[in-house]
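The structure appears right after this line, and notes come after that.
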Amino acid sequence: MKKVVVALGGNALGNNLHEQMEAVKTTSKAIVDLIEEGYEVVLSHGNGPQSGMIQLAMGQLTELDPDKYPEVPLSVCVAMSQTYIGYDLQNALREELLHRGINKPVATVATQVVVDKDDPAFQNPTKPIGRFMSKEEAEKRAAETGIQIMEDAGRGYRQVVASPRPKAIVEEDTIKALIDADQTVIACGGGGIPVTQEANDHLKGAGAVIDKDFCSALLAERIDADMLVILTAVENVAVNFGKPDQKALTDVTVDQMNQYIKEDQFAPGSMLPKVEAGIQFANSKPGRKTLITLLEKAKDGLAGKTGTTIQA
Ligand SMILES: Nc1ncnc2c1ncn2[C@@H]1O[C@H](COP(=O)(O)OP(=O)(O)O)[C@@H](O)[C@H]1O
Ligand SMILES: NC(=O)OP(=O)(O)O
């Protein structure tokens with residue numbers, strides 16, 4: 001049986017609970033299609049919009065009464081987003097599996113991911129989170145609250161936070177045990193809850209949002225997956241993206257992708273981390289491949305009919 005890690009884009013999960021509950025229905029159909037095809041699927045997901053939404057909501061409580069509601073660290077907002085999204089996803093998957101007569105338990109693992117406290121990313125925030133804003137609104141919020149902002153792939157302005165590289169998955173053995181028990185696992189949501197290793201076995205929450213594509217690549221390596229499948233809002237990675245001569249990429253080697261990176265073909269904070277994570281996984285062992293495509297095209301992409309495939 002082919003083992004695949006499917007990384008689901010946070011921007012495809014909707015901007016509120018209602019949108020998310022609708023989105024996970026479509027997602028579940030696409031994922032159960034793969035399970036029916038015989039793939040062993042491990043699911044991860046983004047949380048960019050959701051972690052920002054939770055941080056904003058928690059911040060409003062603090063503004064109301066800082067003594068009663070002290071500031072909630074970003075690591076806790078990420079933990080909340082894992083359960084907020086995992087809960088909806090696991091319920092929708094459970095329902096879709098049962099409707100198709102497949103008796104397969106689904107579980108979300110609250111996953112902590114170790115980052116290096118000296119990671120230079122802590123000094124250079126690049127991860128867009130929360131809602132999209134106009135330039136004027138973003139600049140006003142930055143001046144009022146001290147947040148850092150960045151233009152996000154032609155879609156508007158967003159807050160940016162530190163995004164250190166994932167080094168180790170604390171709950172790796174739990175995830176493997178659930179896979180071995182033939183359960184469908186949702187893990188490393190939102191790139192994992194960022195923690196640093198401290199003295200006396202203590203794990204301390206870090207103020208960051210790990211890129212879920214890098215974390216999914218690490219997860220895929222650690223569970224010895226055959227393929228990393230990154231599902232996002234475009235069917236193909238493109239060169240000259242957004243320009244009249246835009247060209248979709250289909251089968252690309254790691255060397256070609258590295259050349260395109262040198263040419264600045266992929267936007268930082270959106271497509272660049274996907275391509276870099278895809279290269280990392282494809283390079284980690286002979287035969288491993290990464291597919292980047294649309295959620296609705298996952299089945300066709302795995303059948304080699306569409307999407308962008310990266311291999312060494
Ligand atoms: N070269 C490129 N090719 C395709 N898409 C690109 C490229 N550069 C930037 N993008 C943008 O990246 C987006 C995917 O990133 P993002 O929305 O952050 O991912 P996620 O689905 O994980 O939330 C695409 O929808 C597209 O707007
Ligand atoms: N954590 C993360 O990478 O989320 P998005 O995919 O939603 O940006």
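Closest non-hydrogen pair, A282 versus I310, comes out as CB-O, 3.7 Å. Across P105 and D182, no two heavy atoms sit closer than the pair CD-O, 4.3 Å. Across every non-hydrogen atom of P268 and M150, the tightest pair is O-CE, 3.9 Å.
Under the salt bridge (charged side-chain N to carboxylate O under 4.0 Å, His left out) criterion, R100 pairs with D33, E36, E96, not counting sequence neighbours. Residues that satisfy the side-chain hydrogen bond (donor to acceptor under 3.5 Å, both in side chains) test with K2, not counting sequence neighbours, are absent from this structure. In terms of the side-chain hydrogen bond (donor to acceptor under 3.5 Å, both in side chains) criterion, residue partners of T306 (sequence neighbours excluded) are, by chain and number, E235. In this view, K29 satisfies the side-chain hydrogen bond (donor to acceptor under 3.5 Å, both in side chains) rule with no residue, not counting sequence neighbours. Applying the side-chain hydrogen bond (donor to acceptor under 3.5 Å, both in side chains) rule to K247 yields no partners; only residues at least two apart in sequence or on another chain are considered.
Between D224 and K285 a salt bridge is recorded (basic side-chain N to carboxylate O distance below 4.0 Å). Salt-bridge annotation for K3 and D226: absent, with no side-chain N of the basic residue lying under 4.0 Å from a carboxylate O of the acidic one. By the 4.0 Å N-to-carboxylate-O rule, R141 lies too far from E137 to be salt-bridged with it. A salt bridge does not link K104 to E40: none of the charged side-chain nitrogens sits closer than 4.0 Å to a carboxylate oxygen. Salt-bridge check for E139 with K135: passed, with a basic side-chain N closer than 4.0 Å to an acidic carboxylate O.
The shortest distance between side-chain heavy atoms of L203 and E198 does not fall below 4.5 Å.
A cation-pi arrangement is not found for R155 relative to F132, the charged atom failing to lie both closer than 6.0 Å to the ring centre and inside a 45° cone about the ring normal.
At a cut-off of 3.5 Å, with distance as the only test, a side-chain donor of E171 or Q112 sits close to an acceptor on the other residue.
By the neighbour-count criterion of 12 heavy atoms within 6.0 Å, atom CG of D201 is sparsely surrounded, having that number or fewer from other residues, nucleotides or ligands. Within 6.0 Å of CD in Q183 there are more than 12 heavy atoms belonging to other residues, nucleotides or ligands.
The distance from the CG atom of L272 to the CG atom of D264 is 8.5 Å, given to the nearest 0.5 Å. Separating the NZ atom in K212 from the SG atom in C188 is a distance of 12.0 Å, to the nearest 0.5 Å.
Within the structure, salt bridge (charged side-chain N to carboxylate O under 4.0 Å, His left out) contacts touching residues 249-262 (residues at least two apart or in different chains) do not occur.
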Review point. Could you walk me through whether D116 and R165 pass the salt bridge (charged side-chain N to carboxylate O under 4.0 Å, His left out) check?
Key: CA-CA 8 Å; D116 186 345; R165 290 293 172 111; over 6 Å; no

